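Everything on this sheet refers to the single structure shown next.
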Amino acid sequence: MASIKQLALGLGLFMSSTSASSLATVCNVAYIQSVLPAPSSVDGLILIPNSVTANSVANYSIAASAQSPGKSGLDFCNVTLAYHHAGTKDQVDLWYWLPAPDAFQNRFLATGGGGYAITSGQRGLGTGMVYGAATGTTDGGFGSWNAQLTDVLLKANGTINYELLYAFGYKAIHEMTIIGQQLTKNYYGGNNYTAGGGRLYSYYSGCSEGGREGWSQVQRYGSQFDGVAVGAPAFRQAFLQVMHLFGAAVEAEHEYYPSSCELAKISSDAIKACDELDGKKDGVVSRTDLCRLHFNATSSVGEKYKCGAMGGRPMPPVGPSGGLPGGPPGVPARRGELVCRQFGAPPAPPSQGIVSAKAADVANAFWRGLFDSKTGRQVYISYPPSASFADTATAFDATTDTYGPFLTGMGTTFVNMFLREQAVMAPNTLLGLSSARNLTGDQLTAWILEGLQKYSDSLQTDWPYLGDYHKNGGKILHYHGESDNSIPVGSSVLYHDSVRRTMYPGQSYNESHAALADWYRLFLVPGAGHCSPNPEQANGPFPQTILDSLIAWVEHDENPARLNATVFGTGDLAGQNQTLCSFPLRPLWTNNGTAMDCVYDQTSIDTWLPKLDGFPLPVY
Ligand SMILES: *[C@@H]1O[C@H](CO)[C@@H](O)[C@H](O)[C@H]1NC(C)=O
Ligand SMILES: *[C@@H]1O[C@H](CO)[C@@H](O)[C@H](O)[C@H]1NC(C)=O
Ligand SMILES: *[C@@H]1O[C@H](CO)[C@@H](O)[C@H](O)[C@H]1NC(C)=O
Ligand SMILES: *[C@@H]1O[C@H](CO)[C@@H](O)[C@H](O)[C@H]1NC(C)=O
Ligand SMILES: *[C@@H]1O[C@H](CO)[C@@H](O)[C@H](O)[C@H]1NC(C)=O
Ligand SMILES: *[C@@H]1O[C@H](CO)[C@@H](O)[C@H](O)[C@H]1NC(C)=O
Ligand SMILES: *[C@@H]1O[C@H](CO)[C@@H](O)[C@H](O)[C@H]1NC(C)=O
Ligand SMILES: *[C@@H]1O[C@H](CO)[C@@H](O)[C@H](O)[C@H]1NC(C)=O
Ligand SMILES: *[C@@H]1O[C@H](CO)[C@@H](O)[C@H](O)[C@H]1NC(C)=O
Ligand SMILES: *[C@@H]1O[C@H](CO)[C@@H](O)[C@H](O)[C@H]1NC(C)=O
Ligand SMILES: [Ca+2]
């Protein structure tokens with residue numbers, strides 16, 4: 001088999017980023033078919049040659065965003081193909097973008113999805129074009145690039161499609177990766193891949209569900225990736241998804257359903273009060289640990305709040321948008337009004353009032369986390385005070401002019417569909433619960449236990465032993481917005497610590513952290529929300545160039561003691577470069593906010609690692 005360069009030379013062609021026509025000579029169905037992986041290299045996966053499509057794309061642009069520095073003038077081959085599993089009639093569709101040969105930098109990048117989607121489509125594929133990486137994504141075998149796990153999880157009420165569950169859990173991205181790595185080598189090297197000394201660097205990048213998918217690979221396939229950038233992972237799913245109902249349980253137990261506006265006032269007060277605890281008055285809470293230690297929502301009691309109408313949107317039905325957080329933000333606030341945002345919550349009229357003691361109790365209990373009612377011991381963690389309230393959304397009832405319970409789409413989908421195995425289309429409904437007003441924290445604990453047992457080897461994704469990955473030299477850059485209101489930042493800290501304890505038993509906290517930081521670093525992103533900058537703390541930085549840092553670590557052994565980040569958005573610091581501290585070190589600004597240290601603060605560290613002995617099993 002000729003290599004792509006030999007083929008191009010043989011045809012008397014120059015490969016260059018401006019010569020789209022030469023790309024076309026190797027970007028066609030016949031050539032792709034000729035470089036498909038041999039069956040022996042992908043056991044049990046039967047590639048379907050006549051499914052191949054290919055078209056060359058010239059002068060493509062990836063816009064700069066908080067997540068990517070972007071790049072223009074990109075030439076690549078856009079390839080799709082399908083395979084099925086031996087002994088079945090299933091079909092899985094794959095999608096790869098292969099940079100023009102002169103733009104290829106000996107890299108492969110695997111990408112994932114978000115919410116219950118396993119793919120981010122072209123947005124994800126574009127990520128790799130900036131770095132000269134052949135890049136891939138999979139449809140998971142769900143039958144369409146738009147189908148999500150929630151569209152296919154149930155074959156019927158009471159019957160889970162386990163093949164697709166496990167495809168989503170970890171198998172599909174693994175298969176897309178091993179096919180993609182082999183395809184990449186064949187495409188650029190014929191049967192003799194010599195680029196980079198025969199070395200193909202393999203990476204993964206994803207956030208949220210995409211972050212969980214990255215961890216699902218690192219935990220199982222130790223030699224598959226050289227480096228991963230994993231953000232705000234949606235792992236520890238039994239806890240994560242059930243805890244999307246925690247706000248509703250707190251409200252039910254307090255018999256108080258605040259408007260989003262009342263809670264938005266508390267959130268805004270928390271940000272103001274905690275801003276300067278980090279040494280820099282910039283509207284960003286860089287130290288949510290100090291905020292947790294010093295802020296009490298009772299200080300907002302008696303304060304006035306006022307909001308315009310809330311856009312919101314009806315709870316997403318189970319289906320294509322199945323419980324994805326998102327939707328239009330609230331109507332832009334007018335002067336003197338708070339910005340009210342709710343994920344997937346019903347609309348609400350303009351509201352104003354005075355923060356009540358009950359609302360403060362709800363806020364404090366919500367931040368404190370889930371506790372067992374009998375023993376008083378902690379079961380799980382929650383969000384820090386600076387994360388705007390989302391899982392506490394309430395429903396406005398125009399007939400009674402009052403607010404009542406609202407059950408989030410993520411939480412109800414998990415209980416109804418994943419635990420009860422029933423396709424419930426009615427919003428705001430939890431099977432087996434006569435009224436949302438009866439929801440309790442103990443009920444959540446029971447559901448978490450049930451979910452843990454049922455999904456521990458598919459969705460939970462909290463395996464803390466990473467011996468193979470480490471032995472193979474793999475690097476991990478794990479990041480999480482410190483004011484994320486969809487996946488609590490502490491969730492990442494707990495897992496990072498589980499890996500530390502599991503990998504380095506018997507070593508001191510400092511020793512084990514030093515050893516871990518040789519290959520796995522966790523960076524909390526001040527002020528950031530869920531996988532993006534946060535309009536409520538507009539001066540917060542975001543690690544736009546995290547893949548540059550990952551590549552520098554893997555390919556040039558530059559271990560990032562601090563991670564580069566840039567301030568996005570509309571704040572007055574927009575464009576400023578900052579750095580992020582590697583956990584457990586925490587940022588502390590000095591000289592009136594002009595310099596930043598990364599400090600060791602035991603009292604702060606302790607707030608991140610509460611004893612979760614209210615749960616009957618270890619929490620990894
Ligand atoms: C490439 O696209 C840019 C706009 O992004 C355009 O200005 C330029 O002319 C294009 N170049 C070619 C060779 O088509
Ligand atoms: C890539 O191919 C797919 C499938 O044929 C097509 O839907 C998509 O628009 C193509 N993308 C580009 C950038 O050409
Ligand atoms: C692969 O290519 C290199 C460099 O072109 C050459 O030295 C080597 O002999 C080739 N190996 C095989 C197995 O063809
Ligand atoms: C908040 O302050 C109130 C009133 O002083 C007190 O009762 C409560 O325990 C405090 N809560 C927290 C979490 O500190
Ligand atoms: C599946 O279960 C839900 C909730 O119990 C019910 O509303 C729906 O009708 C059931 N569907 C079928 C096809 O039985
Ligand atoms: C559940 O809620 C309903 C309506 O609020 C109430 O009538 C009923 O007594 C509650 N049941 C329990 C067990 O709390
Ligand atoms: C751990 O290291 C920090 C500095 O990074 C130091 O302040 C602290 O005292 C050390 N703890 C122990 C127990 O040695
Ligand atoms: C981080 O930022 C510094 C200063 O701008 C720059 O010199 C360095 O190359 C960056 N590192 C990476 C990996 O992008
Ligand atoms: C921020 O860093 C980038 C990349 O290192 C550099 O291009 C840019 O000029 C820097 N911006 C500022 C304001 O220093
Ligand atoms: C501290 O910095 C702020 C701007 O962030 C400035 O307004 C203030 O004057 C500075 N204070 C001193 C003492 O320099
Ligand atoms: Ca600050």
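None of the values given here were measured: they were computed from a predicted structure. Counting starts at 1 for both ligands and their atoms, in listed order.
Heavy-atom contacts of Asp548 reach the following atoms of ligand 8: 13 (C), 14 (O) (cutoff under 4.0 Å). With ligand atoms numbered from 1 in the order given, ligand 8 contributes 13 (C) to contacts under 4.0 Å with heavy atoms of Ser549.
Evaluated by nearest non-hydrogen atom to atom 13 (C) of ligand 10, the leading choice among Asn592, Asp282, Asn591 is Asn592.
Residues Gln148 and Phe142 have side chains not in contact (no heavy-atom distance under 4.5 Å, counting atoms from C-beta outward). Between Glu482 and Val285, the closest side-chain pair of non-hydrogen atoms is not below 4.5 Å. Proximity of Tyr170 to Gln219: side-chain heavy atoms (C-beta onward) are nowhere separated by under 4.5 Å.
Inclusion of Lys281 in the set of residues having an N or O under 3.5 Å from an N or O of ligand 10 is not warranted. On a distance-only criterion, Asn78 and ligand 2 share at least one N/O pair closer than 3.5 Å. Below 3.5 Å of separation, one finds no N or O of Tyr60 facing any N or O of ligand 2. An N or O contact shorter than 3.5 Å is missing between Thr80 and ligand 2 by distance.
When hydrogens are left out, the protein atom nearest atom 5 (O) of ligand 2 is Thr53 OG1, 4.0 Å; that is the closest non-hydrogen contact. In terms of protein heavy-atom proximity, atom 10 (C) of ligand 8 is nearest to Asn564 ND2, 2.4 Å. Remark: minimum distance from atom 9 (O) of ligand 2 to any protein heavy atom is reached at Gln122 OE1, 3.9 Å.
Counted within 6.0 Å of CD on Glu163, heavy atoms from surrounding residues, nucleotides or ligands total 12 or fewer; the atom is thus considered open.
Protein non-hydrogen atoms do not reach within 4.0 Å of atom 7 (O) of ligand 8. Remark: atom 2 (O) of ligand 8 lies closer than 4.0 Å to at least one protein heavy atom.
Ring centroids of Trp95 and Trp145 are separated by less than 6.0 Å, placing the two rings close together. Ring centers of Phe104 and Tyr188: under 6.0 Å apart, within the cut-off.
Inspection of the Gln217 and Thr177 side chains reveals no N or O donor paired with an N or O acceptor under 3.5 Å.
Within the 3.5 Å criterion, the main-chain N or O of Thr594 finds no donor-acceptor partner in the side chain of Asn591.
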